[in-house]
Amino acid sequence: MQKSAQAPDALLAAAEPLIQLALEEDIGPGDATSLATLAPDTLLDGQIVAKACGVIAGLPVAEAVFAQVDPETAFSARVDEGQAVVVGEVVAEVRGRGQSLLAAERTALNFLQRLSGIATQTRKMVASVATTDATILDTRKTLPGYRVLDKYAVRMGGGVNHRMSLHDMLLIKDNHIDGAGGLTRAVARARERYPVLPIEVEVRDLEELRAALAFDPPLDRILLDNMSLSQMRQAVEMAAGRVPLEASGNVTLERAAEIAATGVDYISVGSLTHSVSALDLSMKIGTQTETAPSNLSARIREIKSELGDSLVILGHHYQRDEVIALADYRGDSLQLSREAAQTDAETIVFCGVHFMAETAAILGKPEQRVMIPDPTAGCYLADTATLEAVEAAWQVLDTALGDADAQITPITYVNSSAELKAFCGRHGGTVCTSGNAERVIRWALAQRPRVFFFPDQHLGRNTTRGLGIAPEAMLLWHPRHPPEAQTIRDSQVILWPGVCNVHQRFRPQQIQTIREQRPGIRVIVHPECRAEVVELADESGSTARIIQQIERSEPGTQWAVGTESRLVYRLQREHPEQVIVPLADVPPFCATMSQITLSNLAEVLEALVRGDVQNEVTVEEDTARWARVALERMLAL
Ligand code: 13P
Ligand code: SF4
């Protein structure tokens with residue numbers, strides 16, 4: 001698998017002088033060690049390998065470094081920009097004169113490690129606020145000269161750029177206010193001199209905020225500088241959505257979620273670019289050994305034919321291409337749960353995330369066993385709802401409604417733990433997937449007057465909206481601030497606040513932009529996207545439905561696809577007769593789906609051949625029994 005490491009010209013234009021400078025300071029008149037030890041005609045292969053998990057950014061810059069040192073060096077990126085990688089994963093391959101590879105290595109890695117470090121930290125920050133509407137912004141605290149590069153890396157991590165420099169937006173701070181002789185005068189002068197530039201004003205307390213909110217027309221944004229959480233909450237109430245608010249100052253990964261929960265619209269984080277911790281990457285020379293991907297695939301095929309029908313490998317659509325190529329069945333979560341229930345194979349190896357393997361273990365026959373190549377491959381969305389938190393909510397619902405079991409049908413999206421599926425089984429509820437959510441919710445509402453849907457608020461909202469339920473009849477649950485009993489009684493749909501941090505990244509603006517760029521394009525998104533996105537899109541559906549719609553469309557149809565990027569890129573390759581583009585300019589990858597690799601798949605299979613069952617996924621008996629009740633209700637619908 002080779003990927004072209006294309007990037008916007010702006011990135012390379014900005015990187016060019018930095019590359020010159022860096023090579024000059026590092027190599028100068030020559031890399032003495034390589035010149036002395038290697039013959040000029042020695043050709044070498046190198047692999048850039050991840051030594052830590054993270055998000056890759058800067059491959060085009062690394063490629064440009066090698067090209068600058070020796071234009072005959074061949075560089076092939078093995079992953080896409082913005083893609084999550086795991087330890088040991090090959091990020092890029094280089095081939096060429098040994099002297100050139102070794103001379104360019106350090107500089108190329110310095111760029112790649114810095115930018116990937118920024119992207120990695122940004123991705124963590126973005127994930128930590130994903131259950132809210134807050135957007136993570138960078139600042140101007142970038143390494144001098146690296147503004148374009150550092151901010152590019154923030155975008156690759158899923159963050160959004162604040163102003164690029166002093167000339168594209170006005171940010172009026174206390175020094176400007178004092179110098180101008182007051183806020184009113186400062187804003188008036190700013191508006192007069194730069195009528196088209198956005199204006200943001202920094203405030204330090206609620207008094208200053210009140211003054212900043214009084215402008216008509218309103219300011220474009222107000223920056224809350226170093227405020228406490230309670231001040232921020234009050235600020236959000238005072239602004240009441242009239243002016244977007246940005247929180248700034250001392251934002252750590254630990255604090256970001258609390259700040260986002262106050263309701264601010266933006267959080268700017270200086271540390272993303274001023275306190276960079278480089279992603280650990282290294283270049284290995286001549287590592288094309290037995291572990292080369294082609295050898296691993298060949299070995300896995302050998303084991304598959306050795307084990308015959310006793311082994312079945314299931315692969316979710318978001319898996320890596322090289323893994324999908326080895327799966328006996330590929331599908332969305334509904335297709336795979338059906339497959340798991342029907343197969344007679346002794347061993348199911350599930351290439352997907354943990355809840356999917358658990359579902360297979362629940363539905364499988366007693367003598368079957370289910371293995372997962374990496375047992376730590378979880379799901380961000382599933383983790384937003386624990387049994388404890390859902391049970392606590394059920395208690396509140398029970399008190400408000402008299403008897404929750406008679407009044408509410410609980411439905412858990414299949415992206416949840418076995419314990420939550422069992423909870424639904426015990427309380428007369430069921431499970432749904434993105435492929436059958438509508439049918440399941442219709443059934444649920446025929447059983448009892450209300451539905452409690454977890455963990456994905458968007459799938460719940462999108463599906464119930466599609467059934468004609470008004471937004472006023474929906475209640476978004478806040479585990480820490482449960483609603484009043486009357487509010488519960490007035491609602492028909494209660495939504496858990498969980499989100500998927502991949503699909504949460506799609507925004508209505510991306511649809512508008514792509515429609516402007518490519519008139520006539522059809523937009524198709526996954527129902528885990530926000531309601532505003534699903535509403536604007538032409539179609540929405542599970543991964544299987546997205547594939548089906550594209551397969552069925554006339555050749556030459558243009559599609560912008562809003563789902564996990566591996567599937568989008570695979571569709572691009574498998575349907576050259578259509579024009580398929582990712583909806584987001586920075587396409588999101590599911591980091592945990594990426595944890596399944598050829599090497600951990602090969603490892604569990606090698607162990608299996610030796611009779612050693614590794615990473616078996618089991619579910620405690622009582623939990624499995626009730627979860628099966630819930631799942632079988634779903635499969636019978
Ligand atoms: P599907 O049900 O469409 O396969 O989606 C599963 C998933 O994990 C989506 O993020
Ligand atoms: Fe979970 Fe989202 Fe990844 Fe699907 S894409 S496995 S919902 S985190």
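Order of appearance sets the numbers: ligands from 1, and atoms from 1 within every ligand.
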> Got L445 and Q492 here, is their nearest side-chain heavy-atom distance under 4.5 Å?
yes
> Which atoms of ligand 1 have any heavy atom of T543 under 4.0 Å away?
1 (P), 3 (O), 4 (O)
> For ligand 2, does E564 get within less than 4.0 Å through its side chain, its backbone, both, or neither, judged by non-hydrogen atoms?
neither
> Any donor-acceptor pair under 3.5 Å linking the side-chain atoms of S434 with those of E528?
no
> Students should be able to answer this: which protein heavy-atom is nearest to atom 1 (P) of ligand 1, and at what distance?
S434 OG, 3.3 Å
> When rounded to the nearest 0.5 angstrom, what distance separates CE in M156 from CG in L115?
10.0 Å
> Under a 3.5 Å threshold, yes or no: a donor from one side chain and an acceptor from the other, between T376 and Q595?
yes
> How many N, O or S atoms of the protein are nearer than 2.8 Å to atom 1 (Fe) of ligand 2?
1
> Kindly check if the number of other-residue, nucleotide or ligand heavy atoms within 6.0 Å of CZ (R518) is above 12?
no
> For the CD1 atom of I550 and the CG atom of L571, what is their distance to the nearest 0.5 Å?
4.5 Å
> Report yes if some N/O of H526 lies less than 3.5 Å from some N/O of ligand 1; otherwise report no.
yes
> Quick check on D309: does its CG atom have over 12 non-hydrogen neighbours (other residues, nucleotides or ligands) under 6.0 Å away?
no
> Show your working on side-chain contact (heavy atoms from CB on, under 4.5 Å) between L475 and V493 and close with a plain yes or no.
CA-CA 6 Å; L475 172 61; V493 176; over 6 Å; no
> Classify the ring geometry between Y318 and H316 as parallel (under 30°), tilted (30 to 60°) or perpendicular (over 60°).
perpendicular
> After noting the C-alpha distance and the side-chain angles of I118 and V154, does the key distance pass the side-chain contact (heavy atoms from CB on, under 4.5 Å) rule?
CA-CA 6 Å; I118 294 175; V154 167; 3.7 Å; yes
> I need the nearest protein heavy-atom contact for atom 9 (C) of ligand 1: residue, atom name and distance, please.
E528 OE2, 3.0 Å
> Compute the minimum heavy-atom distance from H503 to ligand 1 and say whether it is under 4.0 Å.
yes
> Heavy atom of E564 under 4.0 Å from ligand 1?
no
> Nearest to atom 8 (O) of ligand 1, what protein heavy atom do you find, and at what distance?
N415 ND2, 3.2 Å
> What is the nearest protein non-hydrogen atom to atom 4 (O) of ligand 1, stated with its residue, atom name and distance?
H316 NE2, 2.6 Å
> Do S565 and Q83 have side-chain heavy atoms sitting under 4.5 Å apart?
no
> Check each heavy atom of D332 against ligand 1 and say whether those closer than 4.0 Å belong to the side chain, the backbone, both or neither.
both
> Which residue and atom name correspond to the protein heavy atom nearest atom 2 (O) of ligand 1, and how close is it?
S333 OG, 2.5 Å
> Parallel, tilted or perpendicular: which fits the ring planes of F423 and W394, with parallel below 30° and perpendicular above 60°?
perpendicular
> Does at least one non-hydrogen atom of E528 fall below 4.0 angstrom from an atom of ligand 2?
yes
> Which ligand 1 atoms are under 4.0 Å away from a heavy-atom of S542?
3 (O)
